[in-house]
Amino acid sequence: MGLFSFKKKKPIIGLTLSGGGMRGIAHIAVLKALEEYHLKPHIISGTSAGSIIGAFYSLGKTPDEMIEIVKQTTFFSRSYLRLSKNGIFSSSFILKLFKDHFPEDNFSILKIPVYVTATELTHGIVDFFSEGELFGPLLASSSVPFVLPPVRIGEKLYVDGGVLDNLPIEPIIDKCDFLIASHVNSISYDELKNMSLMKEFDRILHLAIAKSVYSKAKSCDIFLDPPKMTKFSLFNKKNLDEMFKEVYDYTCKELEDKGYTRTII
């Protein structure tokens, strides 16, 4: 090449974040570790809680800032109970979260491209949103059936994206060179005593969709699946710090085992 030299193009890193209700907070621990191991994503897809975490991160919030927002926010409290035919809770607390922290209701405010997954009820298909209004798709993506009401976007009615696609790698797999997926719903098999109705619902839901999630693992360059995550609640922040530490430590170990080196500034 004579006097000329060319730097090798850096790979485009894609990150897919699963749903998981309040367990989705664990994705923040994954993001913190990925940054420290120089694997910050350039494009993100997510479903349900994963889409919300992805949107906050793409807005420019750091993992530390996001965990503080979580600690200061009330989720699924009695004040949001509605017990209607469309859901146990009102989704107003999620909408308030968006209005409090996003300067505008539009995908254009995001600094990293994000694909939000939602399940379209009428035809039973998955739709991916990446432009236009932001709050509606995020609400739709996280509307767990029977818990939160469906969301109407245009003429279509949507519920939680995880119903049909809880690890939505499809919209970004051809747009990145290196794909990382974070799944926060691995099933714990030692928790069947005194199971509440919500725990039972959680378990049935994730047993039903687990096969489709794990069939995609082979398509990922890194598949992060911290163990026994269903021991943590789908609907409350109990044991938040314990979950965050477990998932952060797990992610760091996985990356170390794959030869990545951490740098903390």
Quiz item: Is Lys253 salt-bridged to Asp249, cutoff N-O under 4.0 Å?
Solution: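 Between Asp249 and Lys253 there is no salt bridge, as every charged N stays at least 4.0 Å from the carboxylate O atoms.
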
Quiz prompt | Worked verdict on Glu256 versus Tyr37 for side-chain hydrogen bond (donor to acceptor under 3.5 Å, both in side chains) | solution = CA-CA 9 Å; Glu256 291 277 354; Tyr37 285 83; 2.7 Å; yes

Identify whether [X] and [Y] are in the same connected component of the hydrophobic contact network (ILVMFWY, side-chain heavy atoms under 4.5 Å).
X      : Y      : value
Phe232 : Val213 : no
Val184 : Val163 : no
Ile43  : Leu31  : no
Leu17  : Leu164 : no
Ile172 : Phe178 : no

Answer yes or no: is there a donor N or O on one side and an acceptor on the other, between the side chain of [X] and the main chain of [Y], under 3.5 Å?
X      : Y      : value
His27  : Ser18  : yes
Thr47  : Asn166 : no
Ser48  : Gly50  : no
Lys237 : Thr73  : yes
Tyr250 : Asp225 : yes
Thr117 : Gly161 : no

Which heavy atom of [X] sits nearest a heavy atom of [Y], and at what distance?
X      : Y      : value
Lys111 : Leu59  : CE-O, 3.3 Å
His42  : Pro113 : O-CD, 3.4 Å
Thr16  : Leu167 : CG2-C, 3.8 Å
Gly54  : Val114 : O-CG2, 3.9 Å
Ser219 : Ile173 : CB-CD1, 4.0 Å
Gly24  : Ala49  : CA-CB, 3.8 Å

Measure the [atom1]-[atom2] distance between [X] and [Y] for me, rounded to the nearest 0.5 Å.
X      : Y      : atom1 : atom2 : result
Met229 : Lys231 : CE    : NZ    : 8.5 Å
Leu255 : Ile222 : CG    : CD1   : 5.5 Å
Ile169 : Phe223 : CD1   : CZ    : 10.0 Å
Phe244 : Ile67  : CZ    : CD1   : 5.0 Å
Met66  : Ile52  : CE    : CD1   : 12.0 Å
Ile12  : Leu179 : CD1   : CG    : 12.5 Å

Practice problem: Check each of Leu138, Val159, Leu157, Leu139 against Val151 using the side chain to side chain contact (heavy atoms under 4.5 Å, CB included) test, and report the only one that passes. | Solution: Leu139

Quiz item: Crowded around Phe146 CZ? As in, over 12 foreign heavy atoms under 6.0 Å?
Solution: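 Incorrect, the count does not exceed 12.
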
Does any non-hydrogen side-chain atom of [Y] lie less than 4.5 Å from one of [X]?
X      : Y      : result
Asp160 : Val147 : no
Tyr214 : Ser186 : yes
Arg23  : Leu234 : yes
Ile180 : Pro41  : no
Phe128 : Pro168 : yes

Exercise. Quick one: list whatever passes side-chain hydrogen bond (donor to acceptor under 3.5 Å, both in side chains) with Asp174, sequence neighbours left out.
Key: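 So Asp174 forms no side-chain hydrogen bond (donor to acceptor under 3.5 Å, both in side chains) with any residue.
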
Quiz item: Which salt bridge (Lys or Arg N to Asp or Glu O under 4.0 Å) pairs, counting each pair once, include a residue from residues 205-219, with sequence neighbours left out?
Solution: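 The answer is Asp165-Lys216, Glu170-Lys216.
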
Quiz prompt | Pairwise salt bridge (Lys or Arg N to Asp or Glu O under 4.0 Å) hits with a residue in residues 50-71, at least two apart | solution =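 Salt bridge (Lys or Arg N to Asp or Glu O under 4.0 Å) check on residues 50-71 returns Lys32-Asp64, Lys71-Asp241.
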
Practice problem: For the pair Leu97 and Ile69, evaluate side chain to side chain contact (heavy atoms under 4.5 Å, CB included) and give the outcome as yes or no after the intermediate values. | Solution: CA-CA 9 Å; Leu97 179 69; Ile69 290 171; 3.9 Å; yes

Self-check item: Selection residues 134-157 - residue pairs positive for side chain to side chain donor-acceptor pair (under 3.5 Å), sequence neighbours left out
Solution: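 Applying side chain to side chain donor-acceptor pair (under 3.5 Å) to every pair that reaches into residues 134-157, excluding sequence neighbours, yields Ser51-Ser141.
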
Self-check item: Pair listing, side chain to side chain donor-acceptor pair (under 3.5 Å) test, anchored in residues 119-133, at least two apart
Solution: Glu120-Thr122, Glu120-His123, Asp127-Tyr158

Exercise. Determine, step by step, whether Leu148 and Ile94 satisfy the side chain to side chain contact (heavy atoms under 4.5 Å, CB included) criterion, reporting the C-alpha distance in whole Å, the side-chain angles of both residues, the deciding distance to 0.1 Å, and the verdict.
Key: CA-CA 10 Å; Leu148 294 169; Ile94 303 178; 3.7 Å; yes

Extract all donor-acceptor atom pairs below 3.5 Å that involve side chains of residues 102-109 and protein atoms in other chains or at least two apart in sequence.
residue : atom : partner : partner atom : Å
Asp105  : OD1  : Leu134  : N            : 2.8
Asp105  : OD1  : Phe135  : N            : 2.7
Asn106  : OD1  : Ser108  : N            : 2.9
Asn106  : OD1  : Ser108  : OG           : 3.0

